[in-house]
Amino acid sequence: MPRRDMRYLPPRAKPLTAGPRRLSLAPVRIVHVPLGRRSYDIKIGPGVLGRLGQECARLGLRGRCAIISDSNVAPRFARGARQSLSKSAFESAVISVPAGETAKSLKSAQACYDQLAAHRLERKSFIVALGGGVVGDLAGFVAATYLRGIAFLQVPTTLLAQVDSSVGGKVGVNLKAGKNLVGAFYQPRLVLCDLDTLATLPAREYRAGLAEVIKYGIIYDAGLFELLERDLPKLLDREPKTLASVVARCCEIKAEVVRQDETESGLRAILNFGHTIGHALEASSHFGKYLHGEAIAIGQVAAAKLSAEVLGLPGRAVERITNLFRRAGLPTALRLNRPQQQRLVATMKLDKKVSGGEIKFVLARRIGSAEFGHRVPRGLIERAIT
Ligand SMILES: NC(=O)c1ccc[n+]([C@@H]2O[C@H](COP(=O)([O-])OP(=O)(O)OC[C@H]3O[C@@H](n4cnc5c(N)ncnc54)[C@H](O)[C@@H]3O)[C@@H](O)[C@H]2O)c1
Ligand SMILES: [Zn+2]
């Protein structure tokens, strides 16, 4: 393997062979999330969903479980998940919520609790979150609160969920007033990223996931950013090797940030680069017009412009950032009139990162390094979102 590629294999990655029924001997990459008693592994590779049952047994889980999924994912993957579980003597029930952001609500959580109770899940039972970030956030929140907390595993099936939402233990639901306003920190026992599941992901959803991938390059790893500039066409083609090493590198960065700051008292906030504006956009378009990834692509380009004004991020870096999002097929700008701009800034004030009414931003000093806590004058924000 060329030396340059080696840098993108997580140093702790141990090659394993995939499940016995697979012909492919593609290695499973393992990224460890070291959080003391709450530590867990992220296993990344093609076909890892087939190991679900074995993995649950290895974790010492017992008895009954519920697979929480959605109306797009359950028909595709719930059967395979159940088969794997039953081979290891786990009884499972499938709870399916409607696909889409609106399922991340207290109403859906209530429906899940009722079904968990109907299926007689107990303190020792566990939940498998099988789906994208919506299912992961909802199922994790349900796991954190049902019977004051039962074990759960993440089996993310979107690129966004594999590189971001399934790792780190932030779980929750939305309120009308804004996204993720009710939630908890609750770590999964294992994350299984089956790269094969990404084959059926619609192109628009896949590109939205790339917005979080690019984010890691901007906030943490200039080398990853350069790799993305070089290998974007392969990544857009979902070329397995490139995809595997990029997903693993993103998980490794997320694991490292979460290790240093599990409950977001400092460093972890850099993961919100582009999210203050992104969340406001999602909320102001009623979680409908933009996908999360699209909203934060626009938010990150705006945050790059603010970084240039406030921290002296070079103009050339702003251009490279904008170009990479554009090449990934993501939106980079908005056309807003003045009242719309003002409404968007007002919505930003509802974001939970706001304290004392002041909006603080994550800004980049250069590609590969970000800082949290910068106050930005309102006029600059308005200019950056035009
Ligand atoms: N907890 C965190 O740390 C964190 C981080 C980032 C984002 N999030 C949250 O994640 C959510 C967005 O997640 P998402 O982008 O995965 O959206 P999503 O869960 O809505 O999935 C996107 C769409 O793809 C479908 N889908 C999922 N997997 C599929 C597959 N393999 N094949 C075909 N279709 C598939 C889903 O049914 C859905 O329609 C947002 O609510 C966001 O707030 C949370
Ligand atoms: Zn995000």
Side-chain angles (χ1 to χ4, degrees), residues 49 68-78 80-81 96-105 108 129-141 144 154-174 178-188 191 193-216 219 238 250-251 254-255 257-258 262-264 268-279 281-283 287-288 290-300 303 351-353 362:
L49 179 57
I68 299 186
S69 192
D70 76 20
S71 51
N72 288 331
V73 178
R76 292 182 163 96
F77 305 115
S96 183
V97 298
E101 187 72 32
T102 45
K104 233 176 86 172
S105 65
S108 300
L130 175 68
V134 164
V135 161
D137 284 11
L138 169 72
F141 177 72
Q154 289 273 17
V155 184
T157 62
T158 64
L159 179 59
L160 182 139
Q162 295 194 350
V163 299
D164 190 0
S165 61
S166 65
V167 177
K170 272 197 192 178
V171 296
V173 296
N174 303 325
K179 276 181 62 86
N180 306 325
L181 290 181
V182 176
F185 286 101
Y186 195 65
Q187 300 295 344
V191 182
C193 296
D194 188 335
L195 300 172
D196 286 347
T197 61
L198 299 181
T200 56
L201 192 63
R204 185 178 171 201
E205 296 290 350
Y206 183 80
R207 286 195 301 264
L210 289 176
E212 303 279 8
V213 171
I214 295 170
K215 181 188 79 180
Y216 288 112
I219 63 169
R238 309 185 197 190
C250 293
C251 287
K254 178 113 189 212
V257 171
V258 169
E262 184 180 0
T263 54
E264 198 167 319
R268 185 166 178 170
I270 64 168
L271 297 169
N272 294 318
F273 183 74
H275 280 56
T276 304
I277 292 170
H279 281 165
L281 259 178
E282 285 178 273
F287 309 127
Y290 293 108
L291 299 178
H292 177 73
E294 293 168 346
I296 64 149
I298 294 170
Q300 288 181 77
D351 196 89
K352 55 185 176 337
K353 272 97 209 168
V362 181

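In each ligand, atom 1 is the first atom listed, and ligand 1 is the first ligand listed. The residues of the chain are indexed from 1 along the displayed sequence.
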Undergrad: So for ligand 1, is T197 a polar contact partner (N or O within less than 3.5 Å, distance only)?
TA: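 Indeed, backbone or side chain, T197 has an N or O that close.
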Undergrad: When you check the gap from the basic side-chain N to the acidic O, do R207 and E294 get nearer than 4.0 Å?
TA: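 No, no charged N to carboxylate O under 4.0 Å.
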Undergrad: Is R268 close to ligand 1, meaning an N/O of one under 3.5 Å from an N/O of the other?
TA: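 No: no nitrogen or oxygen of R268 is under 3.5 Å from one in ligand 1.
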Undergrad: Below 4.0 angstrom from a heavy atom of K104, which ligand 1 atoms are there? Numbered from 1 as shown, please.
TA: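 This gives 9 (C), 40 (C), 41 (O), 42 (C), 43 (O) as the contact atoms.
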Undergrad: Quick one: which ligand 1 atoms are inside 4.0 Å of a heavy atom on K254?
TA: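 With K254 as reference, the close atoms of ligand 1 come out as 3 (O).
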Undergrad: State whether the shortest distance between N or O atoms of V167 and N or O atoms of ligand 1 falls below 3.5 angstrom.
TA: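 N/O-N/O distance under 3.5 Å: no.
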Undergrad: Going by the order shown, which atoms of ligand 1 are within less than 4.0 Å of some heavy atom of T158?
TA: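 By the 4.0 Å cutoff, the relevant atoms are 14 (P), 16 (O), 21 (O), 27 (C), 28 (N).
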Undergrad: Pull out every atom of ligand 1 sitting under 4.0 Å from any heavy atom of D164, numbered as shown with elements.
TA: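 Counting from 1, the qualifying ligand atoms are 5 (C), 6 (C).
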Undergrad: Strictly under 2.8 Å, is the Zn ion (ligand 2) approached by any N, O or S atom of E212?
TA: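 An N, O or S atom of E212 is closer than 2.8 Å to the Zn ion (ligand 2), so yes.
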Undergrad: Identify, by atom number and element, the atoms of ligand 1 in contact range of H292, meaning under 4.0 Å from any of its heavy atoms.
TA: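 Checking each atom against H292, I get 7 (C).
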Undergrad: Taking heavy atoms and a distance under 4.0 Å, where does L160 meet ligand 1: side chain, backbone, both or neither?
TA: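 For L160, the contact with ligand 1 is made by the side chain alone.
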Undergrad: Strictly by modelled atom types, are N180 and K104 linked by a side-chain donor-acceptor pair under 3.5 Å?
TA: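 Yes, a side-chain donor-acceptor pair sits under 3.5 Å.
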Undergrad: Could you say whether the N/O atoms of G131 and ligand 1 ever approach to under 3.5 Å?
TA: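 No; the residue has no nitrogen or oxygen that sits under 3.5 Å from a nitrogen or oxygen of the ligand.
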Undergrad: Using a 4.0 Å cutoff against the non-hydrogen atoms of P202, which atoms of ligand 1 qualify?
TA: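 Near P202, the atoms of ligand 1 are 33 (C), 34 (N).
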Undergrad: With heavy-atom distances below 4.0 Å as the criterion, list the atoms of ligand 1 near F77.
TA: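 In order of numbering, the contacting atoms are 31 (N).
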Undergrad: In terms of atom number and element, which parts of ligand 1 are under 4.0 angstrom from non-hydrogen atoms of A99?
TA: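 Result: 37 (O), 39 (O).
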